[in-house]
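Below: one structure, written as structure tokens.
Here is the naming used below: chain letters follow the sequence lines, and residue numbers restart at 1 for every chain.
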There are 2 protein chains.
Amino acid sequence: MGVRKAKAAETEVALKEAARRQFARRGYLNTKITDITADAGRATGSFYDHFASKDELLKALLADLHDAAHDQFAAEGGHGHHDLADRDQLRTHLGVAWGLMRDHRPVMVALFESALADGPASGALWERLTEDTEVLRAHLEEMRAEGRALPGPPALVAAAMGGVLSILAYALTPEATPYSDDEVVDTITALLLNGLAGA
Amino acid sequence: MGVRKAKAAETEVALKEAARRQFARRGYLNTKITDITADAGRATGSFYDHFASKDELLKALLADLHDAAHDQFAAEGGHGHHDLADRDQLRTHLGVAWGLMRDHRPVMVALFESALADGPASGALWERLTEDTEVLRAHLEEMRAEGRALPGPPALVAAAMGGVLSILAYALTPEATPYSDDEVVDTITALLLNGLAGA
DNA sequence: GTCTATATCGCGATAGAC
DNA sequence: GTCTATCGCGATATAGAC
């Protein structure tokens, strides 16, 4: 890679990092192109040499997230037999998902807002929810195939589980929340495993 | 009430109804003042004779929702002893909440988006979540006072429960969803009551 | 590739006739 | 109270020098 390209790549990285910072602070919708370029210490016009729009930038960030998610789940998913009604397995699953959301919170936030921006009639949020809980749904269907009782349709249950994580990840700002990551994961695990009635 | 005032009130109602329709279709953030006035068959300027801003209009709609919610919960809440681990009581609670969200979906959608618009660092979504699940939290604390085991801190559990309802109410567009209201309420009830491990 | 400067535009909000 | 017409701001996106 030549020096010219390296410089360009450097700027692109700087823009991405600035975007993450700004998304975390202002949210995706409230972040202006100029907020990003200013944070990155570049001129406004430079943005468009790297990304066609804010949305395209988000897609690039999403690709990075997907890579990370794939690695994480690959590292975890060595089980031959999945059983979400097993406490340890459920906790591990939720823990990995929560960790990812925390590490990539700016992108999660942005995706969430972006889905909302399409309007409630577009079904974009439902799409996000079902796509992101694809793995969960598959596990639930395995359970059902074994004749185990489920609370409801696998896709709906999976979406509900993913929904709780997403909304809490958005609502609980890391700087202000009184709850530790472990506390959150433990609580959600207990709630989703045994519900309010307990073991 | 004179004819003049009646006409004005009529326009105000028309604007509110138009706003609800537009919020349901486009979402709150995407809805422009002109979308509302056009839908109501009025001129742009007329809007400001009734509301100072889109946000003020939302506040007015919220007041209507609060009235309805108060009535609903008053009609239901005759129990001397609350027990969220009791299937019937939990289902009733969730059913009432779900029904309200469905009947006032445009306002729910708008409140949700409005909270997001303040940015993730503002904590506005967490505020919404805790305020709206105030009653739930109180019931959970009763349970805890009786020495019953809870999945976690009452406020967090309540927020998680409210969060599932909110996000599903937003994501499941009434026109497109394959799930009936009963199916959703049954599923959430089962999930929150006994979790994935079953009874 | 990066900068400065600017064209362009949508939209919120107001002024003033009726 | 309601209308039409318009002002002005803020933000995206582009043009052109370096």
Contacts table for residues 192-199 of chain A: side-chain donor-acceptor under 3.5 angstrom, sequence neighbours left out:
none

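Between the CZ atom of A:Arg42 and the P atom of C:dT4 there is a distance of 12 Å, rounded to whole Å. Rounded to a whole Å, the CG atom of A:Asp35 is 13 Å from the C1' atom of D:dT12. In this structure, CG of A:Asp49 is placed 12 Å from P of D:dA15, rounded to the nearest angstrom. As rounded to whole Å, 12 Å separates atom P of D:dG1 from atom CG of B:Leu15. Look at CG on B:Asp55: it is 10 Å from P on C:dA13, rounded to the nearest Å. Put simply, CD1 on B:Ile36 is 12 Å from P on C:dA13, counting in whole angstrom units. Summarising the geometry, the separation between CD on A:Glu12 and C1' on C:dT2 is reported as 14 Å, rounded to the nearest angstrom.
Contact check, A:Thr11 against C:dT2: a side-chain N or O comes under 4.0 Å of OP1 or OP2. Using a 4.0 Å cut-off, no side-chain N or O of A:Ser46 falls inside it from OP1 or OP2 of C:dG1.
Remark: side-chain polar atoms of B:Thr189 are paired, donor with acceptor, to backbone N or O of B:Val185 under 3.5 angstrom.
For residues 189-199 of chain B, the set of pairs meeting the salt bridge (Lys or Arg N to Asp or Glu O under 4.0 Å) definition, not counting sequence neighbours, is empty. Residue pairs satisfying the side chain to side chain donor-acceptor pair (under 3.5 Å) criterion with at least one member in residues 13-25 of chain A, sequence neighbours excluded, are listed as follows: A:Lys16-A:Asp64, A:Arg21-A:Asp39, A:Gln22-A:Arg26, A:Gln22-A:Asp39. Here side chain to side chain donor-acceptor pair (under 3.5 Å) pairs that include residues 144-155 of chain A, with residues two or more places apart or in two chains, are A:His81-A:Glu146, A:Asp83-A:Arg148. For residues 162-172 of chain A, the set of pairs meeting the side chain to side chain donor-acceptor pair (under 3.5 Å) definition, not counting sequence neighbours, comprises A:Glu113-A:Tyr170. Residue pairs meeting the salt bridge (Lys or Arg N to Asp or Glu O under 4.0 Å) criterion with at least one partner in residues 174-187 of chain A, sequence neighbours excluded, are A:Arg91-A:Asp182, A:Arg91-A:Asp186, A:Arg102-A:Asp181.
When the ring-ring contact (aromatic ring centres under 6.0 Å, His included) test is applied to B:His104, no partner is found at least two apart in sequence or on another chain. B:Phe51 pairs by the ring-ring contact (aromatic ring centres under 6.0 Å, His included) definition with B:Phe47, not counting sequence neighbours. Judged as a side-chain contact (heavy atoms from CB on, under 4.5 Å), and not counting sequence neighbours, the contacts of A:Thr130 are A:Trp126.
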Nucleotide N/O to protein N/O under 3.5 Å, stretch nucleotides 6-12 of chain C:
| unit_1 | atom_1 | unit_2 | atom_2 | d |
| --- | --- | --- | --- | --- |
| C:dG12 | OP2 | B:Ile33 | N | 3.4 |

For nucleotides 15-18 of chain C, which of its nitrogen or oxygen atoms have a protein nitrogen or oxygen under 3.5 Å away, and what is each distance?
none

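At a non-hydrogen distance threshold of 4.0 Å, nothing from residues 57-64 of chain B comes into contact with DNA chain C.
Annotation: side chain of A:Thr11 is in contact with side chain of A:His50 (closest heavy-atom distance under 4.5 Å).
Picking from D:dC3, C:dT2, C:dA13 the nucleotide with the shortest atom distance to the side chain of B:Ala43 gives D:dC3.
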